[in-house]
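Input: a single structure, listed below in structure tokens.
Counting starts at 1 for both ligands and their atoms, in listed order.
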Amino acid sequence: MQADCDDCNQYFIITYGCQMNVRDSEIIAGLLEGMGYTAAQSLDDAGIIVFNTCSVRHSAENKVYGKLGEVLAVKRKRPETLVAFGGCMAQLPEVRQKLKKSGVDVVFGTHNIHELPYLVEQARNGRKEVIQVWEQEGVVVEPLPSQRHSGLSAFVNIMYGCNNFCTYCIVPYTRGRERSRRPEDIIEEIKEIADQGYREVTLLGQNVNSYGKGLEQEVDFADLLEMTSAVAGIERIRFTTSHPKDMSDKLIDSIAGTAKVCEHVHVPLQAGSNDVLRRMNRRYTRERYLELTSKIRRRIPGAAITSDLIVGFPGESERDFLDTLDMVERVRFEAAFTFMYSVRSGTRAADLPDQVSQDIKKERLQRLNAVQYQIAREINQTMEGTIKEVLVEGPSKTNPDKLASRTRSNHIVIFSGSKGLIGQLINVRITEAKTFSLLGETV
Ligand code: SAM
Ligand code: SF4
């Protein structure tokens, strides 16, 4: 970093965590642009640096503190640079306590992102430590400006917060209770992005399956999928996340029957043992989960089913862990995000006895990944020689001479082709299967 700020009217956002945070960062960018800031190419050029943080696991928090230390060291040399800290970590009182007198100029939470311009303005006017975090969610604020990322695929929030209180999870504490956006506001936003040239939309919520509860009008997620499908210009619809306990037959039929909705369902299992599932407060059993996933595969031909899995939840025995491996082998997930349980202070599981040692968690994670990766490879191999419709997203991150694209089932296909194909839906033949991607050629 340089020692002085050449252009204090530039912003740089550092984003951690899930798609919701990615989307929030787009809104933060929109709010800052509304104040006259423009995007900086690097941290070095920024007059304001915004942290949008994640607190879902301890490792995520550690990364934030590491980076914050780096940025604050620079701020000491370049005091005119403003540092703002928002997102899930900012909702936690113990984090706010740590930030006091740290050099951070502005702290804002997940419920008052829309207040950021006002808070930044106060800091620009010389006020020290502008800390404003709402403890509780307010009404859904509409509309919010935003500066979206890629020009092809857009995230759209359909709801905020979560009511499920899985015992390991901090999200209900940092994101508040579940609130759905009104369908007309969502559809308006989707029409706007379609007009801007986006072709794919991913509808976001902690549990999209309970969309619509609490709204004045009678509307559920299946209805919303149909309304989204009617928007001209949008060719692919994705969504995440679906809680297995709330996945209705109506929704499965709607996914199967709505051509634009991609055949991919992310239904996190979390654990394979009924005892662990009960103590996680997931409110389904392994038997019900198996019924659900076989129904999805039966009614939605070619559906990819993906999952989140946690190892080392308090009290998880070797037998319980083997139940998770058994479920992975039975369901055969196309992909899974796998995590070691991380103690989150304030959640119910943090106080449970029999916390599992770090060594056992690591060992179980390795065993789980070995099984899951093998299954993913085998599923990918069955696709060799087939022809798939893909949306061409842009240059491949690992090899910019190639193009990266995505099948409807969310598999990444890398192939050689002209940059002119970016943004198009084309057919490719799968030539080789890897664990996390496929290689292909245009047909
Ligand atoms: N709402 C989604 C759902 O119900 O599946 C996911 C939200 S959470 C941000 C994403 C994933 O992080 C969860 O599915 C879970 O597997 C994982 N996760 C949440 N809390 C965790 C914890 N304390 N330790 C490890 N993994 C955790
Ligand atoms: Fe967390 Fe469970 Fe809510 Fe997902 S459903 S956000 S895992 S509490």
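Residues Asn209 and Lys245 bring no donor and acceptor atom of their side chains to less than 3.5 Å of each other. A donor atom on one side chain and an acceptor atom on the other are found under 3.5 Å apart for His264 and Thr306.
Taken to the nearest 0.5 Å, the OG1 atom of Thr407 stands 10.5 Å off from the CG atom of Leu391. With rounding to the nearest 0.5 angstrom, the OH atom of Tyr289 is 13.5 Å from the CZ atom of Arg330. Rounding to the nearest 0.5 Å gives a distance of 13.0 Å between CD1 of Ile430 and CD of Gln381. Rounding to the nearest 0.5 angstrom, the gap separating the OG1 atom in Thr202 from the CZ atom in Phe155 is 5.5 Å. Taking NZ of Lys260 as the reference point, atom CD of Glu226 lies at 12.0 Å (rounded to 0.5 Å).
Distance from atom 6 (C) of ligand 1 to its nearest protein heavy atom, with residue and atom name: Gln206 OE1, 3.9 Å. When hydrogens are left out, the protein atom nearest atom 9 (C) of ligand 1 is Val56 CG2, 3.7 Å; that is the closest non-hydrogen contact. Ranking protein heavy atoms by distance to atom 11 (C) of ligand 1, first place goes to Asp308 OD2, 3.4 Å. Counting only heavy atoms of the protein, atom 5 (O) of ligand 1 lies nearest to Pro268 CG, 3.0 Å.
No N or O atom of Thr241 sits closer than 3.5 Å to an N or O atom of ligand 1. Between Arg344 and ligand 1, not a single N/O pair is under 3.5 Å apart. At least one N or O atom of Tyr168 sits closer than 3.5 Å to an N or O atom of ligand 1.
Residue contact check: Ile310 has heavy atoms under 4.0 Å from atoms 15 (C), 16 (O), 26 (N), 27 (C) of ligand 1. Below 4.0 Å from some heavy atom of Met340 lie the following atoms of ligand 1, by number and element: 24 (N), 25 (C). Here is the list of ligand 2 atoms found below 4.0 Å of a heavy atom in Arg282: 2 (Fe), 7 (S). Which parts of ligand 1 touch Tyr341 is read off a 4.0 Å heavy-atom cut-off, strictly below it: atoms 24 (N), 25 (C). Interface atoms of ligand 1 facing Gln270, defined by a heavy-atom separation under 4.0 Å, are 5 (O), 13 (C), 14 (O), 15 (C), 16 (O).
Among Ala350, Ser342, Ser307, Pro244, the residue whose heavy atom lies nearest to atom 23 (N) of ligand 1 is Ser342. For the residues His58, Lys245, Arg57, the heavy atom positioned nearest atom 12 (O) of ligand 1 is part of Arg57.
With a 4.0 Å cut-off on non-hydrogen atoms, Arg282 touches ligand 1 through its side chain and not its backbone. When heavy-atom distances to ligand 2 are checked against a 4.0 Å cut-off, Arg344 has no atom that comes that close, whether in backbone or side chain.
The only option from Val311, Leu368, Leu309 that meets the side-chain contact (heavy atoms from CB on, under 4.5 Å) definition with Leu325 turns out to be Leu368.
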- Message: Applying side chain to side chain contact (heavy atoms under 4.5 Å, CB included) to Met383 and Lys388, what does each step give before you reach the verdict?
- Response: CA-CA 9 Å; Met383 292 162 76; Lys388 299 282 173 198; 3.7 Å; yes
- Show your reasoning for whether salt bridge (charged side-chain N to carboxylate O under 4.0 Å, His left out) applies to Glu137 and Arg177. CA-CA 7 Å; Glu137 65 281 359; Arg177 293 297 71 70; 5.1 Å; no
- Message: With ring-ring contact (aromatic ring centres under 6.0 Å, His included) as the criterion, how do Phe85 and Phe108 come out once you've worked through the C-alpha distance, each side chain's angles and the decisive distance to 0.1 Å?
- Response: CA-CA 6 Å; Phe85 190 102; Phe108 62 103; 8.5 Å; no
- Item | Check against salt bridge (charged side-chain N to carboxylate O under 4.0 Å, His left out), Arg23 and Glu26 | CA-CA 5 Å; Arg23 178 70 195 121; Glu26 292 175 344; 2.8 Å; yes
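For residues 161-193, the set of pairs meeting the ring-ring contact (aromatic ring centres under 6.0 Å, His included) definition, not counting sequence neighbours, comprises Phe165-Tyr173.
Contact analysis leaves Arg175 out of contact with ligand 2, as no non-hydrogen atom separation drops below 4.0 angstrom.
A donor-acceptor distance shorter than 3.5 angstrom exists from the side chain of Arg297 to the backbone of Val331, with no hydrogens or angles considered.
Within the sub-2.8 Å shell of atom 1 (Fe) of ligand 2, the protein contributes these N/O/S atoms: Cys169 SG.
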